[in-house]
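Values below: every heavy atom of this structure, side chains too, minus hydrogens, waters and symmetry copies. All of these numbers come straight from a predicted model, not from anything done at the bench.
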Amino acid sequence: MPRHFTGSPDQRAEQWAAYLAESRAHQTLKNLHICRQDLGPSHYANVLLTLHRSKNILKTVLRTQVERTWPDATPTAEMPLAAWDELQKAIKPKPRRA
């Protein structure tokens, strides 16, 4: 069970990112779902982007979580369009060489 996070959505997003980055054991579907419900789509996507940048999330987990968040996605101050584009590029499969 995750710790109790308090503060503004930005502060909670930082706390969630730190908690999830501590260990892959913290990145359960239950914790990711609680995080998404707690923060909303923009802040949650920002947490996913932070985890991706620090290489603390598996690509398959990142892909499924972004695909679940994407229908609710809108560019905001917390998650501008450039950041959404970066997330989309992160989940694209790399082409295989022949």
Side-chain angles (χ1 to χ4, degrees):
M1 185 71 192
R3 291 174 267 191
H4 185 70
F5 301 120
T6 58
S8 70
D10 290 330
Q11 292 170 330
R12 288 196 325 269
E14 288 175 16
Q15 293 168 6
W16 270 108
Y19 174 73
L20 294 170
E22 280 177 15
S23 167
R24 291 240 167 98
H26 293 171
Q27 295 177 19
T28 62
L29 289 177
K30 181 179 179 181
N31 283 346
L32 292 169
H33 181 69
I34 293 169
C35 178
R36 188 172 68 230
Q37 285 183 322
D38 180 35
L39 298 176
S42 293
H43 282 92
Y44 179 63
N46 204 356
V47 168
L48 293 175
L49 187 58
T50 302
L51 291 172
H52 165 69
R53 286 177 177 159
S54 63
K55 300 192 183 324
N56 282 321
I57 190 167
L58 295 173
K59 192 166 185 173
T60 53
V61 174
L62 180 67
R63 184 178 293 121
T64 58
Q65 293 305 311
V66 170
E67 287 171 355
R68 288 179 182 171
T69 306
W70 189 251
D72 302 326
T74 52
T76 61
E78 300 87 28
M79 195 66 182
L81 190 57
W84 280 111
D85 289 342
E86 186 178 344
L87 256 185
Q88 287 300 309
K89 287 178 188 168
I91 64 170
K92 281 186 182 176
K94 292 192 171 143
R96 295 184 180 202
R97 294 184 177 193

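- Between R68 and Q65, the closest side-chain pair of non-hydrogen atoms falls below 4.5 Å.
- Judged purely by atom type and a 3.5 angstrom limit, Q27 uses its side chain to pair as donor or acceptor with the backbone of N56.
- Of all heavy-atom pairs spanning R12 and F5, the tightest one is CD-O, 3.6 Å.
- Note that the CG atom of L48 and the CZ atom of R36 stand 9.0 Å from one another [nearest 0.5 Å].
- The distance from the CG atom of L32 to the CD1 atom of I57 is 6.0 Å, given to the nearest 0.5 Å.
- Using a distance-only test at 3.5 Å, with no hydrogens or angles considered, no donor-acceptor pair links the side chain of H43 to the main chain of A13.
- Of all non-hydrogen atoms in A83 and L49, the two that sit nearest each other are CB-CD2, 3.7 Å.
- Between L87 and A45, the shortest heavy-atom distance links the atoms CD1-O, 3.7 Å.
- Taking CD from Q88 and CD from E67, the interatomic distance works out to 8.5 Å, rounded to the nearest 0.5 Å.
- Closest approach of P9 to L39, counting heavy atoms only: O-CD2, 3.9 Å.
- A donor-acceptor contact shorter than 3.5 Å links the side chain of K59 to the backbone of K92.
- Atom OG1 of residue T50 and atom CG of residue L20 lie 10.5 Å apart, to the nearest 0.5 angstrom.
- Considering CD1 of I91 and NZ of K89, their distance stands at 12.5 Å, rounded to 0.5 Å.
- Both L58 and W16 belong to a single network of hydrophobic side chains, linked directly or stepwise wherever heavy atoms of I, L, V, M, F, W or Y lie under 4.5 Å apart.
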**Request:** Assess whether side chain to side chain contact (heavy atoms under 4.5 Å, CB included) is satisfied between W84 and T69, documenting all intermediate values.
**Result:** CA-CA 11 Å; W84 280 111; T69 306; 4.1 Å; yes
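- Under the 4.5 Å side-chain criterion, counting only non-hydrogen atoms from C-beta, E14 is not in contact with N46.
- Annotation: the span from Y44 atom OH to D38 atom CG amounts to 11.5 Å, rounded to 0.5 Å.
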